[in-house]
Amino acid sequence: MNLVLKKADNDILRKQTIIDLGGVQIGEEFVVMAGPCSVESEEQVRKTAAGVKEAGAGVLRGGAYKPRTSPYSFQGLGEVGLEYLAAAGKKHHLPIITEVVDLRDIDLIAKYADILQIGARSMYNFPLLLELGKLKKPVMLKRGMNATIAEWLNAAEYILKNGNPNVILCERGIRTFETYTRNTLDLSAVVVAKKLTHLPVIVDPSHAAGRADLIEDLSLSAIMAGADGLIIEVHPNPPMALSDADQQLTIEEFAELMKKVKMTSDFYCKLK
Ligand code: PEP
Ligand code: MN
């Protein structure tokens, strides 16, 4: 395993990285990010923001630039989507996270977003990683669906090396021979990333499972594996979602899940 971590290594910087979003501190407290896969309308994102905030989410998610497998699928609302997301976040006092797909959109997206997300399909986009390394804005790096742990941590190192210390890792499932789930959630990667690095690690059970009925158990398992938080897709009317309809929770389901998340993370804190 060719893994030389000059910045992310626990033994070099013996201090947990904390991403301070003013109100929520990722790496310090257990943080749940929630919201729709894609921003679809002003009303959809406003409703979701109100619901997830009430349920205890700390960050609002929503994609405005969508890296879809098919070029014929909904590609996101672009800047209008960023406006809707930012307005909903502001109204409900939630920092926002959204994905950057294209290097050329970084400045525009950074004007709106509190955290920039690098999607699984972009993890190997080294020019994008290096460019985000020039910012101070927090970046959440998703693990590529075919990436080894070493490749994922090396990708984080690209951002850190260029001067941005505010990196969050996100395990979102990898491609295996299994087809029952969309991907296979690799909880060992969470344990390893926590062991080797000082970076916060978030788990995305939504893209791992691809099915709403598995989100609860995977979320609670992620807490027990030592994750610093979760990112969960929530939609006011999942069957009508323009992307990832099968895996999004309703606002009510999310609120129920959050009760168990709170109990489990309190339990984990006592245990450690
Ligand atoms: C997303 O978070 O909306 C997304 C596209 O996820 P991933 O990059 O993990 O597939
Ligand atoms: Mn999605």
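Counting starts at 1 for both ligands and their atoms, in listed order.
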Determine, step by step, whether K6 and E157 satisfy the salt bridge (Lys or Arg N to Asp or Glu O under 4.0 Å) criterion, reporting the C-alpha distance in whole Å, the side-chain angles of both residues, the deciding distance to 0.1 Å, and the verdict. CA-CA 8 Å; K6 294 194 178 173; E157 199 71 19; over 6 Å; no
For residues Y84 and R46, is any side-chain donor paired with an opposing acceptor at under 3.5 Å? no
Sequence neighbours excluded, every pair satisfying side chain to side chain donor-acceptor pair (under 3.5 Å) that has a member inside residues 23-39: D20-Q25, S38-S243
So K262 and D266, salt bridge (Lys or Arg N to Asp or Glu O under 4.0 Å) or not? Walk me through it. CA-CA 6 Å; K262 170 123 192 31; D266 287 349; 2.9 Å; yes
Rounded to 10°, how many degrees is the angle OD2/D244-the Mn ion (ligand 2)-SG/C37? 100°
The single option from D244, D246, D204 passing salt bridge (charged side-chain N to carboxylate O under 4.0 Å, His left out) against R182: D244
Can you name the N, O or S atom of E233 that is closest to the Mn ion (ligand 2)? OE2
Consider salt bridge (charged side-chain N to carboxylate O under 4.0 Å, His left out). Of R211, K259, K260, which one does E216 pass it with? K260
Heavy-atom contacts with ligand 1 below 4.0 Å: which residues, ordered by chain and residue number? R61, K66, E99, Q117, G119, A120, R121, K142, R172, H207, E233
Group every Ile, Leu, Val, Met, Phe, Trp and Tyr by side-chain heavy-atom contacts under 4.5 Å, then state whether L187 and L257 land in the same group. yes
